[in-house]
Amino acid sequence: MSQSNKSTVAVRHGIEADKAHGAVVPPLYLSTTYSFADFDTKRDYDYGRSGNFNRDVLAEALTELEGGKRGIITATGMAAVHLVTQLLNHDDTLVIPHDCYGGSYRLFTSLAKRGLLKLVVLDLTQPQSLAKLEEIQPKLVWIETPSNPILRLTDIEAVVTAAHAVGALVAADNTFLSPALQNPIAFGVDIVVHSTTKYINGHSDVVGGAVIARTQELGDELAWWANNIGITGAPFDSYLTLRGLRTLKVRLRQHQENAQLIAQYLEQSPYVSQVYYPGLESHPQHELAKKQQLGFGGMVSFDIKGNLQTSAKFLTSLKQFSLAESLGGVESLICHPATMTHAGMEPQARLEAGVGDTLIRISVGIEDVQDLIADLESGFACIDENQATDDAKSFKLTPAHTVALW
């Protein structure tokens with residue numbers, strides 16, 4: 001599916017679906033239960049947990065955008081992650097990346113401690129880790145690319161080849177890029193997971209998740225489990241998320257333009273020791289990003305020079321960035337992963353994942369980028385009040401700072 005076709009699907013899916021009154025926008029169905037057409041003859045829906053029009057329209061749109069066969073909408077992003085684990089029995093092995101999202105890591109390790117599955121943690125960016133899959137014989141391999149928060153990339157095709165060779169399924173968390181910028185199913189992934197709270201909704205006002213299966217059979221099994229354990233999404237949440245989906249591509253265009261310029265600015269700053277953004281040519285996986293992604297996304301992370309106190313002083317001095325968790329909204333957010341999004345990981349596991357006291361993660365919004373850069377410059381100046389701001393390397397926006405969006 002081309003990018004232009006994706007835009008059309010995101011905008012048009014569900015339009016004029018109302019056959020009763022001809023409403024252009026899909027109407028909201030809040031009913032928890034539905035009457036039977038006759039004895040032992042139910043209609044399309046019978047009970048809200050099992051099925052709902054608004055939830056189905058959203059699921060169909062995301063399934064088409066991801067190139068899958070069936071989608072399931074869940075109440076939260078973590079519910080979507082949890083749903084996938086229902087495919088595993090106590091003697092099945094799950095392989096996860098060492099640097100996955102802290103909430104996912106906490107869930108996976110907690111399930112393993114309860115004996116509900118076996119868990120192996122690997123650095124899936126390394127070829128030698130993939131070679132271990134033959135010995136491990138996993139039932140499911142979980143990937144997250146780009147990773148949260150270091151933005152490491154996993155070679156999707158390489159993982160799929162290695163996993164399928166030993167009969168394992170592959171699930172990919174595609175939250176950081178959305179179906180507009182990456183389609184793991186096109187590379188052979190079996191299950192795609194989203195926190196729709198993020199870019200898909202895009203306005204930081206509704207929580208949700210989605211699971212899209214490559215095959216109808218696998219999708220049917222996941223849908224059965226979602227109904228069985230009661231984690232399906234609410235109608236109004238689905239309605240709002242579909243409204244956000246309509247503008248996904250145009251929002252991401254601005255997110256990416258701003259993120260590229262901010263990453264370039266940070267790379268020149270004397271207060272920054274390392275910038276993590278695949279759109280920079282200096283990123284070690286820049287070419288891989290160009291191969292398997294349709295853009296570089298709106299997330300930027302960096303290590304600030306100093307210590308925990310330096311991070312705290314910088315973060316609390318900003319005015320145009322909200323110090324908050326989550327990501328993907330139109331407003332810019334900034335967070336300290338070690339004490340916020342990844343606080344649920346053991347300290348040693350955090351350090352192994354590269355999440356130290358000086359790591360800062362930005363969800364770049366769609367505000368005027370010059371305002372955002374000026375705010376960052378002001379924040380850095382607050383770190384060392386005795387150092388004149390003109391000592392810093394000045395970053396000026398010029399026509400040469402262009403962003404390639406493809």
Side-chain angles (χ1 to χ4, degrees), residues 49-50 72-124 129-130 132-145 147-149 154 159 163 166-175 189-197 207-213 218-233 325-326 337-355:
R49 168 171 47 82
S50 305
I72 302 96
I73 303 302
T74 60
T76 69
M78 284 310 303
V81 177
H82 193 201
L83 175 58
V84 177
T85 66
Q86 303 307 304
L87 299 174
L88 304 173
N89 294 315
H90 67 93
D91 56 348
D92 290 328
T93 298
L94 168 65
V95 170
I96 66 169
H98 74 299
D99 58 348
C100 66
Y101 165 57
S104 300
Y105 180 89
R106 178 177 56 200
L107 173 64
F108 296 144
T109 55
S110 297
L111 293 175
K113 288 175 183 176
R114 292 176 60 195
L116 299 178
L117 53 83
K118 297 178 180 178
L119 187 67
V120 175
V121 182
L122 295 175
D123 181 352
L124 293 175
S129 293
L130 300 183
K132 295 179 181 178
L133 296 184
E134 185 173 0
E135 176 186 350
I136 296 169
Q137 290 291 309
K139 174 72 175 294
L140 176 67
V141 177
W142 186 275
I143 63 176
E144 182 181 302
T145 182
S147 68
N148 180 4
T154 301
V159 172
V166 298
L169 295 170
V170 179
D173 186 335
N174 198 25
T175 296
V189 165
D190 302 286
I191 303 166
V192 174
V193 174
H194 288 283
S195 170
T196 59
T197 311
V207 174
V211 178
I212 296 96
L218 187 56
D220 291 345
E221 184 176 1
L222 289 163
W224 185 88
W225 273 111
N227 180 56
N228 197 30
I229 61 179
I231 60 173
T232 48
E325 297 185 358
S326 198
T339 58
M340 296 171 72
T341 58
H342 289 64
M345 295 179 73
E346 301 91 346
Q348 185 58 37
R350 280 203 307 271
L351 291 175
E352 290 176 359
V355 183

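Listed here is the closest heavy atom pair of Thr154 and Val159: CG2-CG2, 3.4 Å. Here the shortest heavy-atom pairing between Leu222 and Ala213 reads CD1-CB, 4.3 Å. Residues Thr175 and Ser195 come closest through the heavy atom pair OG1-N, 2.9 Å. Annotation for Gly219 and Ile72: closest pair O-CD1, 3.7 Å, computed over non-hydrogen atoms. Considering all non-hydrogen atoms of both residues, Asp190 and Ala168 come closest at OD2-O, 4.3 Å. Listed here is the closest heavy atom pair of Glu134 and Gln137: O-NE2, 2.8 Å.
By the side chain to side chain contact (heavy atoms under 4.5 Å, CB included) test, Ala171 is found to be paired with Val84, Leu140, Trp142, Ile191, residues two or more places apart in sequence or in another chain being considered. Listed by chain and residue number, Leu62, His194, Ile200, Ala210, Thr241 satisfy the side chain to side chain contact (heavy atoms under 4.5 Å, CB included) test with Thr196 (two or more places apart in sequence, or in another chain). Residues passing the side chain to side chain donor-acceptor pair (under 3.5 Å) test with Arg49, sequence neighbours excluded: Asn227. A search for side chain to side chain contact (heavy atoms under 4.5 Å, CB included) contacts involving Glu221 returns Leu87, Leu218, Trp225, not counting sequence neighbours.
Side-chain atoms of Arg106 never come within 3.5 Å of backbone atoms of Gly344 as a donor-acceptor pair (strictly under, hydrogens ignored). In this structure a side-chain-to-backbone donor-acceptor pair under 3.5 Å is present from Glu144 to Asn148.
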Which side-chain N or O atoms in residues 74-81 pair as donor and acceptor under 3.5 Å with protein atoms at least two apart or in another chain?
from	atom 1	to	atom 2	distance (Å)
Thr74	OG1	Thr76	O	2.8
Thr74	OG1	Ala80	N	3.4
Thr74	OG1	Gly209	O	3.3
Thr76	OG1	Met78	N	3.4
Thr76	OG1	Ala79	N	2.9

Side chains of residues 89-101: which donor-acceptor pairs under 3.5 Å do they make with residues two or more places apart or in other chains?
from	atom 1	to	atom 2	distance (Å)
Asp92	OD2	Asn89	N	2.7
Asp99	OD2	Ser147	OG	3.2
Asp99	OD2	Arg152	NH1	2.8

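Note that CG of Leu119 is 11.5 Å distant from OG1 of Thr85, once rounded to the nearest 0.5 Å. Note that the NZ atom of Lys139 and the CG atom of Leu169 stand 6.5 Å from one another [nearest 0.5 Å]. For the atom pair Lys118 NZ and Ile136 CD1, the distance stands at 12.0 Å (nearest 0.5 Å).
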Give the intermediate values and the outcome of side chain to side chain contact (heavy atoms under 4.5 Å, CB included) for residues His82 and Phe108. CA-CA 9 Å; His82 193 201; Phe108 296 144; over 6 Å; no
Just do the side chain to side chain contact (heavy atoms under 4.5 Å, CB included) check on Asn174 and Val193 with the steps written out, would you? CA-CA 6 Å; Asn174 198 25; Val193 174; over 6 Å; no
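Contact check for Pro138 versus Leu133: side-chain heavy atoms found under the 4.5 Å cut-off. In this structure, Val121 and Thr109 have side chains that are not in contact, with every pair of non-hydrogen atoms separated by 4.5 Å or more. Annotation: side chain of Leu107 is in contact with side chain of Leu111 (closest heavy-atom distance under 4.5 Å).
Donor-acceptor pairing under 3.5 Å is recorded for the side chains of Tyr105 and Glu346.
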